[in-house]
Amino acid sequence: MTDGLPVPPPLYGLVLSGGESRRMGVDKGLIAYRGVAQRELLYALLQPVCARVFLSVNPSQARPEPERFEYIVDQPAYSGNGPIGAVMGFRDAYPGVGLLLVSCDLPFFGAEALRALLAAREPTRSATAFLNPENDRPEPLVTIYEPRFL
């Protein structure tokens with residue numbers, strides 16, 4: 001407890017970059033925006049605000065530079081389930097930890113949006129998400145999921 005308030009659970013970051021890229025034919029996370037692969041930009045963006053950050057990859061994806069990046073490889077038990085499979089694997093590996101989830105195919109997600117999401121975090125709730133203005137629904141691929149939700 002700090003100042004009478006409960007201490008929020010630690011927050012780990014997960015950059016979803018384990019898709020099969022069937023529609024695009026190339027690994028979306030490796031597309032360079034601003035001269036750097038998008039998954040690397042997001043990884044660096046999350047590092048200052050998360051206790052740990054991981055790149056979520058599928059078993060067939062290369063995992064270069066293990067000294068620079070931590071990886072979570074999609075588990076066979078959850079394969080074929082898209083992003084929720086990565087979330088389930090994270091939950092199994094890190095119970096009791098909050099998850100800041102960001103998809104690698106959001107090139108306009110940046111520091112300002114990250115600050116807004118973090119400022120809105122309420123660890124007593126299940127999740128903190130942006131609302132999609134087109135359908136007034138939460139955006140599940142840019143969300144903070146609290147342990148109680150996971």
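Along the sequence shown, the residues carry numbers beginning at 1. Computed from a prediction, not measured in an experiment: that's the story for all the values here.
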Checklist entry - Stepwise, does the side-chain contact (heavy atoms from CB on, under 4.5 Å) test hold for Ile144 with Leu118? => result CA-CA 8 Å; Ile144 297 172; Leu118 290 167; 3.9 Å; yes
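Qualifying salt bridge (Lys or Arg N to Asp or Glu O under 4.0 Å) partners for Arg68, counting only residues two or more places apart in sequence or in other chains: Glu40, Glu65. In this structure, the side-chain contact (heavy atoms from CB on, under 4.5 Å) partners of Val142, at least two apart in sequence or on a different chain, are Leu106, Phe109, Leu117, Phe130, Glu139. Listed by chain and number, the residues in a side chain to side chain donor-acceptor pair (under 3.5 Å) with Ser60 are Asn58 (sequence neighbours excluded). Shown here are the salt bridge (Lys or Arg N to Asp or Glu O under 4.0 Å) partners of Arg115, two or more places apart in sequence or in another chain: there are none. Partners of Glu122 according to the side chain to side chain donor-acceptor pair (under 3.5 Å) rule, which considers only residues two or more places apart in sequence or in another chain, are Arg125. The salt bridge (Lys or Arg N to Asp or Glu O under 4.0 Å) search around Arg148 returns none, not counting sequence neighbours. The side-chain contact (heavy atoms from CB on, under 4.5 Å) test applied to Pro138 returns Ala129, Leu131, not counting sequence neighbours. Annotation: side-chain contact (heavy atoms from CB on, under 4.5 Å) contacts of Pro83 (sequence neighbours excluded): Leu16, Leu141.
Expressed to the nearest 0.5 Å, how far CG of Leu14 lies from SG of Cys104 amounts to 11.0 Å. Between Glu146 atom CD and Thr128 atom OG1 the span is 6.0 Å, to the nearest 0.5 Å.
When hydrophobic side chains of Ile, Leu, Val, Met, Phe, Trp and Tyr are connected at separations under 4.5 Å, Phe108 ends up as a singleton with no cluster partners.
The shortest heavy-atom contact between Gln38 and Pro107 is NE2-CA, 3.5 Å. Nearest approach of Ile84 to Asn81, heavy atoms of both residues: CG2-O, 3.0 Å. In plain terms, the two heavy atoms of Pro10 and Gly96 that are nearest each other are CD-O, 4.3 Å. Nearest approach of Pro9 to Gly98, heavy atoms of both residues: CB-N, 4.3 Å. For the residue pair Ala127 and Thr143, the shortest heavy atom distance occurs at CB-CG2, 4.0 Å.
Sorted by first then second residue, the side-chain hydrogen bond (donor to acceptor under 3.5 Å, both in side chains) pairs that include residues 41-55, not counting sequence neighbours, are Arg52-Glu70. Judged as a side-chain hydrogen bond (donor to acceptor under 3.5 Å, both in side chains), the pairs with a partner in residues 83-93 (not counting sequence neighbours) are, in order, Tyr78-Arg91, Tyr78-Asp92. Applying the ring pair (Phe, Tyr, Trp, His ring centres under 6.0 Å) test to pairs two or more places apart or on separate chains, those with a residue in residues 131-150 are Tyr145-Phe149.
Put simply, the side chain of Ser17 gets close to the backbone of Ser56: a donor and an acceptor are under 3.5 Å apart.
A 4.5 Å side-chain heavy-atom check between Val73 and Pro59 finds at least one atom pair inside the cut-off.
Criterion: ILVMFWY side-chain heavy atoms under 4.5 Å apart, direct or through other members. Under it, Val53 and Leu42 are part of a common hydrophobic cluster. In the hydrophobic clustering of this structure, Val15 groups with Leu114; members are Ile, Leu, Val, Met, Phe, Trp, Tyr whose side-chain heavy atoms approach within less than 4.5 Å, directly or through other members. When hydrophobic clusters are built by joining Ile, Leu, Val, Met, Phe, Trp and Tyr residues whose side-chain heavy atoms come closer than 4.5 Å, directly or via intermediates, Tyr71 is not grouped with Tyr94. Using a 4.5 Å cut-off between side-chain heavy atoms of Ile, Leu, Val, Met, Phe, Trp and Tyr, with links allowed through other members, Phe69 and Leu100 fall into the same hydrophobic cluster. Cluster annotation: Val97 and Leu99 are assigned to the same hydrophobic cluster (Ile/Leu/Val/Met/Phe/Trp/Tyr, side-chain heavy-atom contacts under 4.5 Å, transitive).
In Glu67, the CD atom is crowded: over 12 heavy atoms of neighbouring residues, nucleotides or ligands sit closer than 6.0 Å.
Note on ring orientation: taking the six-membered ring where Trp is involved, the planes of Phe90 and Phe54 are perpendicular (angle over 60°, cut-offs 30° and 60°).
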